[in-house]
Asks: 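Sharing a structure here in structure tokens format.
Every chain is numbered from 1, with letters handed out A, B, ... down the list of sequences.
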Protein chains: 2
Amino acid sequence: MATIDDVARRAGVAASTVSYVLSGKRSISPTTRSRVEAAIAELGYHPHAGARALASARTNVLALMVPLPMAPGTSTLRPDVDVNVLMQFVAGIAPRARSQGYDVLLVTDDDPSAAERVWAGSTADAIIAMSVQADDPRTEALARAKMPAILIGLPEDPHGLSCVDFDFENAGRLAVRHLAGQGHRHIVMVGPPATTFERRMSFAERIVRGMSETSASAGVEFSVVPTAARRDAVAESLAPVLDREDRPTALVVHHEAALPSVLDVLRDRDWRIPGDISVVAVAPPSIAEQQAAPLSSIEVPAQAIGATAVDMAMAAMRGEGTSETRLVRASLTNRGSTASPSS
Amino acid sequence: MATIDDVARRAGVAASTVSYVLSGKRSISPTTRSRVEAAIAELGYHPHAGARALASARTNVLALMVPLPMAPGTSTLRPDVDVNVLMQFVAGIAPRARSQGYDVLLVTDDDPSAAERVWAGSTADAIIAMSVQADDPRTEALARAKMPAILIGLPEDPHGLSCVDFDFENAGRLAVRHLAGQGHRHIVMVGPPATTFERRMSFAERIVRGMSETSASAGVEFSVVPTAARRDAVAESLAPVLDREDRPTALVVHHEAALPSVLDVLRDRDWRIPGDISVVAVAPPSIAEQQAAPLSSIEVPAQAIGATAVDMAMAAMRGEGTSETRLVRASLTNRGSTASPSS
DNA sequence: TCGATTTGTCGAAGCGCTTCAACACGGTAC
DNA sequence: GTACCGTGTTGAAGCGCTTCGACAAATCGA
């Protein structure tokens, strides 16, 4: 492997000059610059990441704490984390980090001390923690490690850390307002399984709050049906609600994995969308689009949130960013799956 | 941050002694060892990863090339990579790497030169590349970079690199043998979309080869139906085959995402499993188990393959591992979704 | 024309660790 | 008693880079 000295020798300059060409921290004459660049190209030189980290005290690595949806060893999926959504975040984070010259380190240990290991060992410059729960133990560990950290999700007590998340409360309001505006007086939210609520994933609580408050003030009847993703589970959970004489005229589905099952259940009853029932999905665009029927949806811009998290991490490293919480605003894309109730 | 010198001073020994306590490369007296360990604990010392990498020429980082299933910027899923399967691999890789003291670096660039960047910059000690296609350009790039690399998947020309994969050909043989043994004379494989075949993902080609050869020698009629995952697509793709008078009595489904749709389509026809039709899934256990009906399946041990890849990478770094190809053997778990055809 | 800036380059001092040669010391062997 | 060995420890030399202060040369204002 060629070193910076090799390059310097070949270009007939000092090593420090090469360094400055690379970093742009001092002005360099065009002549020198091109000689150095030529030498770099000829030798196929790549600076040694470790040496760089040692000398500059910056690693150019961003650590990403990902909850592994399946416990290692077992094959059971953790039902409260949707793999597709997870990937959407990663798809937003990785390229954005790369474009700023950062590599992404995957940290999957559920042990909260992993954060300290990464930070204290100068393995990464900052951490992004995904899928933060209301009472997530990682939050405190991150704060204690005193390292630039961004949370995706909203803990009860951020311990002074910055957070990004989708504005689920607003999404809930939006959905109800849209449907109530069309004349719906009875709305049901089909939500994540009960365990998600028990785990205190705040997003679930927030969207419910948004919906129920708006419903109340609009005089709309509202209830929540938590469900597992499997079709039989969905059918069973929904039956009591859909069988009622006074059944809801609109469904708001906030459970990516259950979406196909919900549509199937409606189809089994020969209910047309939106003729017999209106449906709004709360999901990343790619998922809403992939359904059998195009669904009007409140799009969770997971990729954009991921990218934002990276930007906030960069800001935090620069010492800017007084701890802030950014809630990315909801917007409803109408794909024609809602209409005034026929009654 | 405490340095090794701080620890040495506190323990009253030389820095090199601390280093040897940490690495175990020289014998240390029990007294000294415990004094050093105490100092480490008191100071909360963590060795600086960069300094370590510089001095020892080893980073203790494993790079993982993951094809991002969704192109950044767009929201379209690449249909040939199943997110769930991807995650299964990661779930096998990350903990195994960690247990050997390695961190995992996520490399999502599709640019083949990413490998060189990572290697030449001494950012990682080895690379594992996932979802390798028959004619994957990354293969040659990896080989050229002359770095320890393991491929998950089977390229046409491994360029001397080691590979791990599931023995899909064997899986195909196994499935047909099992069904033929029960008396089935007409089997259809429901496979990944046509684009997967076009992309020359070798797994698809291999399982087809295994099935068709065994079918031929067992006198069984066999055909392949590629399909997209969505329910309407599946219904449409399967219709010509299932509507035939002489319809198949068994389906082998090798397409994780389409599995639920296939079951739905059968249910719509009021066909019972296995009474009216036998079904075998080829999928990771977690996915086979999650279906509405428990499915007999040939289990793709994605986690185990991931772990194996890590072990092979470690061996390759030690300079062992003459380039080898390991195919992990298939086994069929009977969950009662196959039976002799009723005819 | 001369001092004051600015511009471009260099040399050297570390960053925190690993590792090698060297050595002190008590125990064995003769 | 001397010679030798193994054990446990040390000091110093880098690993490849960044960055700071210094400095020569070019540019400027008056």
Asks: Rounding to an integer number of Å, can you tell me how far A:R35 CZ sits from C:dG8 P?
Replies: 15 Å
Asks: Going through the distances and angles, do A:V310 and A:I128 end up as a side chain to side chain contact (heavy atoms under 4.5 Å, CB included)?
Replies: CA-CA 8 Å; A:V310 172; A:I128 295 179; 4.1 Å; yes
Asks: Going 5' to 3' along DNA chain D, between which two nucleotides do contacts with chain B fall, using a heavy-atom cut-off of 4.0 Å?
Replies: D:dG8 to D:dG16
Asks: Indicate yes or no: does A:R35 engage A:E37 in a salt bridge with an N to O separation below 4.0 Å.
Replies: no
Asks: Within the distance-only criterion (no hydrogens, no angle test), does the side chain of B:S122 pair as donor or acceptor with the backbone N or O of A:A49 below 3.5 angstrom?
Replies: no
Asks: With sequence neighbours left out, write down each residue that passes ring pair (Phe, Tyr, Trp, His ring centres under 6.0 Å) with A:F166, or none if nothing qualifies.
Replies: A:F168
Asks: Scan residues 23-32 of chain B for pairs that pass salt bridge (Lys or Arg N to Asp or Glu O under 4.0 Å), counting only residues two or more places apart or in two chains.
Replies: none
Asks: Side chain to side chain contact (heavy atoms under 4.5 Å, CB included) between B:Y45 and B:I4: does it pass, once the steps are laid out?
Replies: CA-CA 8 Å; B:Y45 167 73; B:I4 201 173; 3.6 Å; yes
Asks: Would you check if there is a donor-acceptor pair between the side chains of B:S19 and B:S16 at a distance under 3.5 Å?
Replies: no
Asks: Going by side chain to side chain contact (heavy atoms under 4.5 Å, CB included), name the residues that satisfy it together with A:D6, two or more places apart in sequence or in a different chain.
Replies: A:A2, A:T3, A:R9, A:L43
Asks: Just jot down the salt bridge (Lys or Arg N to Asp or Glu O under 4.0 Å) partners of A:D165, sequence neighbours excluded, or say none.
Replies: A:R206
Asks: Could you identify which residues of residues 10-19 of chain A place a heavy atom less than 4.0 Å from some atom of DNA chain D, listed by residue number, or say none?
Replies: A:S16, A:S19
Asks: Under the rule for side chain to side chain contact (heavy atoms under 4.5 Å, CB included), what residues qualify as partners of A:T59, not counting sequence neighbours?
Replies: A:A53, A:V61, A:D125
Asks: With sequence neighbours left out, what residues match B:R10 under salt bridge (Lys or Arg N to Asp or Glu O under 4.0 Å)?
Replies: B:E42
Asks: Assuming nearest nucleotide by heavy-atom distance, tell me which of B:S56 and A:A55 is located more 5' along DNA chain D.
Replies: B:S56
Asks: Please list residues of residues 25-32 of chain B whose heavy atoms come under 4.0 Å from any atom in DNA chain C, ordered by number; otherwise none.
Replies: B:K25, B:R26
Asks: How close or far is atom P of C:dC10 from atom OH of A:Y20, stated in whole angstroms?
Replies: 12 Å
Asks: Does anything in residues 39-48 of chain B come within less than 4.0 Å of DNA chain C? Heavy atoms only, and list the residues if so.
Replies: B:Y45, B:P47, B:H48
Asks: Within a strict 4.5 Å, meaning less than it, do heavy atoms of the A:R326 and A:M312 side chains meet?
Replies: yes
Asks: For B:A145, is there any backbone N or O sitting under 3.5 Å from a side-chain donor or acceptor partner on B:W119?
Replies: yes
Asks: Let me check the geometry of the helix from C:dT1-D:dA30 to C:dC30-D:dG1. What is the bend angle between the axes at its two ends, five pairs each, to 10°?
Replies: 30°
Asks: Please check if the side chain of B:S29 supplies one atom and the backbone of B:T32 the other of a donor-acceptor pair under 3.5 Å.
Replies: yes
Asks: What residues form a salt bridge (Lys or Arg N to Asp or Glu O under 4.0 Å) with A:D136, not counting sequence neighbours?
Replies: A:R138
Asks: Between C:dT7 atom C1' and A:R33 atom CZ, what is the distance in whole Å?
Replies: 14 Å
